[in-house]
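All remarks here apply to the structure that follows.
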2 protein chains.
Amino acid sequence: MAEGAESIRRRTGGRSARIREQVFGAVLQELVAHGLSGLTLPAIAQRAGVHPTTLYRRWPDPEALALDAIRDRSMTQVAIPDTGTLAGDLTRFLTDLDAYVRSPLGRALLALQLTARGEADRIRQAFWRERFELSAAMIERAKSRGEIPATTAARPLLEFAIAPVYLHAAVLGDGLDQHSIALFVRRTIALAQAG
Amino acid sequence: MAEGAESIRRRTGGRSARIREQVFGAVLQELVAHGLSGLTLPAIAQRAGVHPTTLYRRWPDPEALALDAIRDRSMTQVAIPDTGTLAGDLTRFLTDLDAYVRSPLGRALLALQLTARGEADRIRQAFWRERFELSAAMIERAKSRGEIPATTAARPLLEFAIAPVYLHAAVLGDGLDQHSIALFVRRTIALAQAG
């Protein structure tokens, strides 16, 4: 009986996860095609092949759904690594970030937020606040390992680490090899160690 | 007679400069509205209120005109300062850059180049190559004044200086005050002095 119930939960979870994935894929496509102001729950439902009620039940409005989708995709494409060293974590993180910012979706989302106003700007701020809070785990673990001073503020250090990746991937559009990534990682750790 | 000729030259120069300004304004509006692939010389001429022949005479194609317009606007909005010190130059430069990247035109051009392919990408590369060459004057003057080692490579140092400005103005969309600019300037000079 217990086994049967668990099996049902697992199937339900699998189906639920699949629907989420379909819906997130659809909302990102709609977002890139029409922008945030052109986003509607019925259009997303149609593209995802689900009933609109499925969306209304979980998300109060298209903006909440968009934020959820962007957050989900970012966490999948640029996960917060835990390799055992700050250098290892930052190398993985900046490498993934570089690939994501260069990807068609990453570029389209950045382009959108550049011309975003009002509600779109509120979503952007919410996204970044959460993103920096989650990424701070890399810095906190480095502190607890004694790699960098316990007084290091996580967000300014993370900003310092990601700035050159965005410059090259999004602005200059030139290549960024492992040698450059390694240089950015060394500079970030040196900055933290200098206090 | 000489005075008369000079006066005519001045008027001619004035009219020519005014037409350039009208044409550049028109091409930037067209670029933001339709993208590089939607750019045509007749449409630009109409918006600028000049005869298409005026454009055909000076620019072989819309892409060359677009590059000229973006280059001109960048040099006007973010001039290469010569204040007498590297700290003074970088402070002025990063402050102007921050304002430009946040401006509607700056954001729109960045958004465009994020989704640019092919010819647009070639224009972007040409723009940045020239832009870094011109900006290197700040670094070269600092070397000749003995402020930083003569072996300092200009482009990587300039990239280091501008990266956080783009991160905040274009990606995070949060504020950047004079305190932050001063910090980026100090870090840039420290990096150069460390060799």
Side-chain angles (χ1 to χ4, degrees), chain A residues 32-33 35 74 94 97 100-118 120-129 131-132 153 155-176 179-180 183-184 186-188 190-191 194, chain B residues 32-33 35 74 94 97 100-118 120-129 131-132 153 155-176 179-180 183-184 186-188 190-191 194:
Chain A
V32 167
S74 300
L94 296 187
L97 181 65
Y100 181 55
V101 175
R102 283 179 204 280
S103 73
L105 177 67
R107 291 160 76 118
L109 289 178
L110 261 181
L112 263 182
Q113 77 169 30
L114 269 166
T115 46
R117 289 286 182 282
D121 195 57
R122 199 192 57 76
I123 288 187
R124 168 163 74 167
Q125 300 301 335
F127 169 78
W128 281 110
R129 197 164 41 243
R131 190 76 185 144
F132 276 111
R155 179 157 176 160
L157 192 66
L158 289 165
E159 287 176 355
F160 182 83
I162 66 175
V165 173
Y166 275 100
L167 178 72
H168 288 274
V171 182
L172 305 181
D174 58 1
L176 203 55
H179 176 80
S180 307
L183 176 67
F184 303 155
R186 281 200 306 278
R187 279 182 183 162
T188 303
L191 182 70
Chain B
V32 167
S74 300
L94 297 187
L97 181 64
Y100 181 56
V101 176
R102 283 179 203 281
S103 73
L105 177 68
R107 291 161 76 119
L109 289 179
L110 260 181
L112 263 182
Q113 76 170 30
L114 268 165
T115 46
R117 289 287 182 280
D121 195 56
R122 200 192 58 75
I123 288 188
R124 168 163 73 167
Q125 300 300 335
F127 168 78
W128 281 111
R129 197 164 43 243
R131 189 75 185 144
F132 275 111
R155 178 157 175 161
L157 193 65
L158 289 166
E159 288 176 355
F160 182 84
I162 66 175
V165 173
Y166 275 100
L167 178 72
H168 288 274
V171 182
L172 305 182
D174 58 2
L176 203 56
H179 176 81
S180 306
L183 175 67
F184 302 154
R186 282 201 305 278
R187 279 183 183 160
T188 303
L191 182 71

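Chain letters run A, B, ... following the sequence lines, proteins first and then strands; every chain starts at 1.
- Looking at F184(B), neither its backbone nor its side chain comes within 4.5 Å of chain A, counting heavy atoms on both sides.
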Could you pull out all donor-acceptor pairs under 3.5 Å where a side-chain atom in residues 166-175 of chain B meets a protein atom, sequence neighbours excluded?
residue: H168(B); atom: ND1; partner: D174(B); partner atom: OD1; Å: 2.8
residue: H168(B); atom: ND1; partner: D174(B); partner atom: OD2; Å: 3.4
residue: H168(B); atom: NE2; partner: E159(A); partner atom: OE1; Å: 3.3

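- Looking only at heavy-atom pairs under 4.5 Å with chain A, the residue among R124(B), R102(B), Q113(B) that has the most is R124(B).
- Contact of L191(B) with chain A is made through the side chain alone, with heavy-atom distances under 4.5 Å.
- Only the side chain of F160(B) comes within contact range of chain A, judged by heavy atoms closer than 4.5 Å.
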